[in-house]
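Working notes, beginning with the structure itself.
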Amino acid sequence: VKTDNILRILTAVPICDGHDSAITTVNLELVRHGIEVVYLGYHRSARDIVRAAIQEDVRAIGISSYNGGHVEFFTELVRRLRRQGAAHIGVFGGGGATISPADARRMKRNGVDEIFFAGTPLADMVEFVRAKYGRARRVAASPGLPTTQNPKPGTRCRVVGLTGPGGAGKTTLMDELVLRWLTKNPRSRIGILSHDPSRAGHGALLGDRAAMIYSQHNRVFMRSLATRGQPGGLAPQTGAWRKRFQQAGFDVVFVETVGTGQEAMPFTRHRVDTAVLVLSPDYGARLQLQKIAMLDVADIVVVNKADAPGARTARAELQQRLARNRHEQKLLLTVAKRHRDPGVDELFDLLQRRD
Amino acid sequence: MVIEDHPMSVLAKVNAAVHRHNRFVQQQARRARTEPAFRKKLMRRWQAVRDGIETVTTPTGLKLPRLALPQTEEPVEVARYLFGEGLPGEFPFVNAAYPRMYMGTAEEPTRLFAGLGLAEDTNKRFHYLTQHQKNIRLSTAFDGPTLYGLDSDAEGVFGKVGEGGVAIDTIEDMERLYAGFPLGDEHFSVSMTINGPAPIILAMYIASARRRFGPNIVPKLRGTVQADILKEVQAQNEIIFPLDASLRFLTDMVEWSTAQMPRWYPISISGYHIAEAGATPVQQAAFTLSNGFTYVELFRARGLEVNDFGPRLSFFLDVGLDIEYLALARVCRKLWAIGMRDVFGANQRAQLLKLHTQTSGRTLIAHEFKNNLTRTAVELMLGCINATNSCHSNSADEPFTTPSEEYVRLAAHAQAILLEETGLFQHMINALGSSPGMHIVERAVQEAILAEFAELDRLGGVLAAIEHRYQRSQIQASALRYELQIQDGTRAVIGLNRYRDPSERIPEVTVVRAPRRNKQRQIDRLQQFKRRHARQAARELDKLAAVVERGGNVFAQLIGAVEHCSLGQITARLFELVGRYRPSV
C-alpha cells in the first residue's frame with residue numbers, strides 16, 4: 001500500500017451532446033494546476049463514463065452538459081457508480097444556461113457533489129476540485145482490475161508495443177486493432193496502457209480515450225498513464241500495470257507510448273512481445289530516417305496514413321533502410337482512419353499469428 | 001476570367017485572385033488619375049448613377065437620396081468605390097448582395113425557431129407562432145438523439161428525448177411536425193438545423209411531403225437544411241459518420257436536390273458554431289469561407305456545375321461585439337465573390353454570399369441578464385450595417401433558461417425597431433456603409449483572413465488541416481484566451497467583471513421540459529412503427545447497403561428507405577458499412 005498524492009479526475013460530455021468548448025477550457029485549467037485529467041470526450045453514455053472512471057481509478061467525474069436531460073443523466077451516473085461499488089468516486093458538473101438552480105438542488109439530493117452555473121470563475125472550479133477531492137489517500141496495490149474472472153490456464157498474455165511520433169495515428173490504429181480482436185476472439189480480454197506526457201511541474205491531459213470508439217467495451221480494460229517526469233515515452237507504473245494484466249489473465253495488452261522522438265527506444269527496458277513502430281509518410285527527409293533508432297529494433301514498421309501524398313516514397317525509403325538490418329522486419333501500409341482497411345487487417349493477422 | 005487548373009490549391013488560388021483584384025482596383029484608380037478618356041467615362045457613369053437615385057421624404061419632411069454614396073467628385077475615389085466595393089448588388093458586393101438591401105423586402109427577415117418535445121407539440125407551437133403571418137418561415141431544432149442519428153429507444157438517451165428540440169424517429173413524426181402547413185406554397189419555407197444525419201432527415205421531409213401532396217410537390221419545396229459537416233468536425237461535433245463518408249452522403253444529397261429541388265438550399269455554410277466554440281471573428285470568417293470553397297471543389301469533382309449549385313449555397317455567421325464585426329460580413333461577401341468568379345468561373349448568381357446572421361450567444365451572460373437586450377441590439381445593428389439578408393436575435397434570458405415568450409418577443413421586436421422604427425435602414429440604402437473606420441477594419445480583417453488561407457494552404461488545404469486538428473486547436477486556443485481575458489479583466493463584461501452588483505442572484509425560472517410520459521409515448525410508437533415495418537425495413541436496408549457498396553447515389557435510396565425504416569435503423573446499417581466518426585479532441 002502506497003500513498004497516491006496526484007489528483008486524477010475524469011471529464012466528459014454526456015451522450016447526444018457535442019458542446020465541448022467549456023470542458024476543453026476547464027481541462028486545460030485543471031492540468032495547469034497539477035491535476036491529471038482523463039478526458040473521455042463528448043457524446044458519451046453514462047455506462048461508458050462509469051466504466052472508464054472505475055478503470056482509471058479517478059477521484060471524481062466532472063460532466064459538462066448542455067443539451068438537457070441532465071437530471072436523468074447525472075442521477076444515472078451516481079446510481080451506476082453505487083451499483084458497481086464505486087460510490088467513492090465523486091460527481092460534479094455544470095451546464096451553463098441549461099441547468100436551473102432547482103435542477104441543481106435535485107441533482108445534489110440525488111448524490112451529485114456540486115453544480116457550477118454560468119459565470120463561475122475557472123479558479124473557483126479548480127479550488128473546489130482540489131479541496132473536495134485533493135486529499136492524499138492510501139491506495140491498494142492493484143486498484144480497479146477485474147478480479148471476477150480467473151486467468152484461463154495455458155493462455156499467454158501477448159504484449160504489443162506501439163510507438164512512434166505524435167500524430168502518426170497510433171491511437172486510431174490501436175482502436176481498430178481492438179475492434180478486430182473483439183470480433184475475432186469473442187471472449188478475449190484486452191488491456192490497454194496508454195501514455196501521455198505530464199507537463200513540466202503540472203498535471204497531464206490524458207486524452208486518448210476521447211478518440212477511441214471500439215475500446216469503450218466491457219472486455220477492454222484501459223488505463224491512461226502520465227509520464228510523471230520519466231523520459232522515454234512510458235510511465236513509472238507501466239511495468240507494474242503490465243504485470244497486473246498478465247496475472248489477471250488478459251489475452252493481449254497494448255502499450256501505446258507518448259509521441260516519441262528519433263532517439264526513443266521505449267521497449268528496451270519494458271520488454272514487449274511485438275514492437276510496432278508507427279510512422280506517417282511525412283516523417284521528414286531521408287536523412288532523418290537514418291536517425292530513427294526504433295527502426296533497428298521494431299518487429300513491425302507501419303506507415304499509417306498511406307493515402308497521403310508521399311506514402312509510396314516513404315515505403316521505398318523504409319524498405320531500403322530496413323534491408324540493412326539483419327533480422328526480419330515487416331513493413332506495412334495502413335489507413336487506420338478508413339473503415340475495414342485491409343492494411344489494418346493485415347497488421348491484425350500478423351499480430352495474432354506472432355508467438 | 002477563369003484560371004486554368006494547375007497544382008495550386010484552391011485557397012492559394014483564391015488568395016492570388018484577391019490580390020489580383022486588389023491590383024486591378026489600384027490600376028483603375030491610377031487610370032482614373034492619368035487617362036483622361038478613362039476618367040471621363042468613369043465620371044459620366046458616376047453622374048448617371050447619382051442622377052438615377054430617387055429622392056425620398058422622411059416622416060419629418062426631410063428629403064434624402066434613396067441610396068447613400070460617397071460624396072466625392074474625385075475620380076480616384078470614385079474608381080476605388082465602384083471597382084473595389086461595388087454599388088449595393090454589384091461585384092464584389094462589399095456593400096450588399098442585392099441593390100435594394102432592406103427596402104421593400106417581401107419577407108420578414110425573422111425566422112421562428114422552435115423545437116421541443118414531440119412532433120405534435122412543436123407543430124402546435126409552429127401554428128401558434130405563425131398565426132398572423134403571411135410568409136411562414138419555420139426553423140426547426142432537433143433533440144440530441146435525432147442530431148446524433150439515434151432512435152428515441154436507444155440505450156441511455158431517455159432523458160434527452162424531446163429536450164432542446166423535437167424528437168424525430170420516423171417519417172410519421174415528420175408528417176406530424178409540419179402537419180397543416182402548405183409545404184409547396186411559395187410563401188412557406190422550412191429550415192432544419194441538423195448536420196450529421198441531414199440526408200436522412202431531408203429524405204424524411206421529401207417522403208412525407210410526397211405522401212401528403214403527391215410526387216409533383218418535390219420541385220416546389222422551399223427551405224434549408226444545415227448539413228455543414230466541415231464545421232461539425234471543427235467546432236460543433238455533431239458528425240456521426242467518418243468525414244469521407246459524410247462528405248459523400250452530403251454530395252449525394254446536393255446532387256439530387258440540385259437536380260430535383262430548384263428552390264431548396266441543401267447546405268448552410270456556417271461560421272456561427274465556429275465562433276460560438278471560441279473562434280475569433282477572423283478565424284470564423286477564414287474557416288467558414290475556406291470550408292465553403294472546399295464544398296465547391298467537392299461538388300465540382302462530382303461533376304456538378306458551379307452555376308447550378310452555386311446559387312443554392314447560403315451562409316450563416318455569428319455577429320458579436322468585437323470591432324471586426326463592423327466589416328466582417330462585407331469582407332466575406334467580397335472574398336466569396338472573387339473566389340467564385342475567378343477561381344471557379346461562377347456567374348453572378350453563384351457569386352453572391354447570401355447571409356443569415358445570428359447575434360452572439362456567447363456574449364450573453366446570466367448576471368444582470370437584462371443587459372443582454374443592449375448587447376443583442378448592438379449586434380443586430382452591426383449585422384444590419386453589414387447588410388445581412390436575414391437575422392436571428394437571441395433572447396436575453398438564454399444564458400439561464402429556454403427562451404421565454406416574453407424575451408423571444410422582445411428579441412424579434414428589437415429587429416423591427418431597428419428596421420422599421422428607426423430611420424437608419426428604411427429611407428436610405430447603405431446609410432452607414434463605407435465609413436473610414438469601416439474601411440480600415442475591412443483591410444485589416446481581409447489581410448488576416450488571407451493570412452489564415454495561406455496557413456491552411458501550407459497545411460495542405462482544409463481537409464488536411466482538419467487531420468492535423470489545426471482548426472480545432474486554433475479555436476480552442478482562442479476560447480481559452482477569451483476566458484482568461486474575462487478573468488483578468490482585459491475583456492470587460494459589464495455586470496460580471498465590471499460594475500458587478502454583489503447582491504445579484506441569478507433568477508429562478510421554470511424551464512420547459514418534455515414530460516416523462518411523452519418520452520415514453522415517443523418510444524412506444526417508434527417501436528410499433530418498427531414492428532409494423534419489420535419485413536420491408538430489412539429489405540430497404542439491404543437495398544441501401546447495396547447502393548452504398550456500389551458507390552451509387554445514397555440519397556435517392558434514402559427517400560425510399562425512410563418509408564419503412566427509422567432514423568436509428570438507417571444509421572446503424574450505415575455505421576456497419578462506413579464506420580463511425582472518430583472524435584477529434
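Each chain gets a letter, A, B and so on, in the order its sequence line appears, and its residues count up from 1. Since the model is a prediction, treat every value here as computed from it, not as a measurement.
Proximity to chain A (any heavy atom under 4.5 Å) is shown, for B:Ile365, by neither the backbone nor the side chain. Of the two parts of B:Phe158, neither the backbone nor the side chain holds a non-hydrogen atom closer than 4.5 Å to a non-hydrogen atom of chain A. Heavy atoms closer than 4.5 Å to chain A are found in the backbone of B:Ala235, but not in its side chain. Looking at B:Asp143, neither its backbone nor its side chain comes within 4.5 Å of chain A, counting heavy atoms on both sides. Within the 4.5 angstrom heavy-atom criterion, only side-chain atoms of B:His468, from C-beta onward, approach chain A. In this structure, the portion of B:Phe575 lying under 4.5 Å from any heavy atom of chain A is its backbone and not its side chain.
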Exercise. Carefully, step by step, assess A:Tyr42 and B:Glu238 under the rule side chain to side chain contact (heavy atoms under 4.5 Å, CB included).
Key: CA-CA 10 Å; A:Tyr42 55 84; B:Glu238 285 162 8; over 6 Å; no
Quiz item: Which is it for A:Glu29 and B:Glu483 under the side chain to side chain contact (heavy atoms under 4.5 Å, CB included) test, yes or no, and what are the steps along the way?
Solution: CA-CA 11 Å; A:Glu29 195 64 4; B:Glu483 283 305 316; over 6 Å; no
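Under a 3.5 Å cut-off, the side chain of B:Tyr148 and the backbone N or O of A:Gly18 do form a donor-acceptor pair. Looking at A:His70, its side chain never comes within 3.5 Å of a backbone N or O of B:Gly159 through a donor-acceptor pair.
A heavy-atom distance below 4.5 Å is found between the side chains of A:Tyr214 and B:Arg582.
Contact between B:Lys160 and A:Ser65 at its shortest, heavy atoms only, is NZ-OG, 4.4 Å. Minimum heavy-atom separation, B:Leu150 to A:His43: CD1-CE1, 4.0 Å. Contact detail for A:Ile15 and B:Gly156: the closest heavy-atom pair is CG2-O, 3.5 Å.
Among residues at least two apart or in separate chains, side-chain hydrogen bond (donor to acceptor under 3.5 Å, both in side chains) pairs with a member in residues 14-23 of chain A are A:Asp17-A:His19, A:Asp20-B:Asn237, A:Asp20-B:Arg472.
Residue B:Arg517 places its CZ atom among 12 or fewer non-hydrogen atoms of other residues, nucleotides or ligands, all under 6.0 Å distant.
Residues forming a side chain to side chain donor-acceptor pair (under 3.5 Å) with B:Thr359 (at least two apart in sequence, or on another chain): B:Asn394.
In terms of non-hydrogen atom pairs under 4.5 Å with chain A, the most contact-rich of B:Gln236, B:Glu467, B:Arg469, B:Glu232 is B:Glu467.
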